[in-house]
Amino acid sequence: MNIILLGPPGAGKGTQAKKLVDERNMVQLSTGDMLREARTSGTEMGKKVAAVMDAGNLVTDEIVIGLIREKLEQGAAGGFIFDGFPRTLAQADALGDLLAEMGQTLDAAIELRVDDEVLVGRIVGRAAEAAAAGQPVRADDNEDALRVRLAAYYKQTSPLIGYYHAKGQLTSVDGLASMQDVAASINKILG
Ligand code: AMP
């Protein structure tokens, strides 16, 4: 099974993806994690995208599609969970093409619905927790960058809800439910 987790920053995509990795042997493909890794390891690409990411804007389609292509070629026995990708219509088209080339399909696009006030609280909380635990705080987990990230979501990513709905692949889940309840809803969709 290959699925997309769709939703604004702080909706719980990463948390749910990790549960699916543990429970279903799926492979999480988080373009955000890949980009942060590229920055940490100091690659040219990482340096190029750093300022864009810190401001909360989206990096180019070309870069993220390239990252995803490499990972898809490695395969996944339990299927892929796309977390934070696709984020634009061009990325969604590219994903469809890449999967088709490999003779694979997308089984579901799962939207985690949440409201903005809760997102701000969650992200500010995530930053505070990381700081308290002596872990690095994401440079884009601050209020200014978050506002830009939310705007990018509504402007560039939310059209994907209509896109996958039109393909009959969209299911929406209440992202404000408890972590366990959200996981149960997702498991029901996956069957
Ligand atoms: P995330 O960890 O998914 O919140 O992503 C962190 C940041 O990485 C985003 O704010 C973007 O700057 C960049 N990013 C991650 N995934 C994508 C994507 N699919 N397309 C464009 N930019 C992305």
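One-based numbering along the sequence shown. Counting convention: from 1, in listed order, for ligands and their atoms alike.
Listed as neighbours of ligand 1 are T31, G32, L35, R36, M53, N57, L58, V59, V64, G84, F85, R87, Q91, R138, D140, R149, each bearing a heavy atom under 4.0 Å from the ligand.
For A94, the side-chain contact (heavy atoms from CB on, under 4.5 Å) partners at least two apart in sequence or on another chain are I65. By the salt bridge (charged side-chain N to carboxylate O under 4.0 Å, His left out) test, D93 pairs with no residue at all, sequence neighbours left out. Looking at residues two or more places apart in sequence or on another chain, you find no salt bridge (charged side-chain N to carboxylate O under 4.0 Å, His left out) involving R87.
Checking side-chain atoms of D61 against main-chain N and O of Q91 turns up no donor-acceptor pair under 3.5 Å.
At most 12 non-hydrogen atoms from other residues, nucleotides or ligands lie less than 6.0 angstrom from CE of M179.
Using a 4.5 Å heavy-atom threshold, the side chains of L119 and Y153 count as separate.
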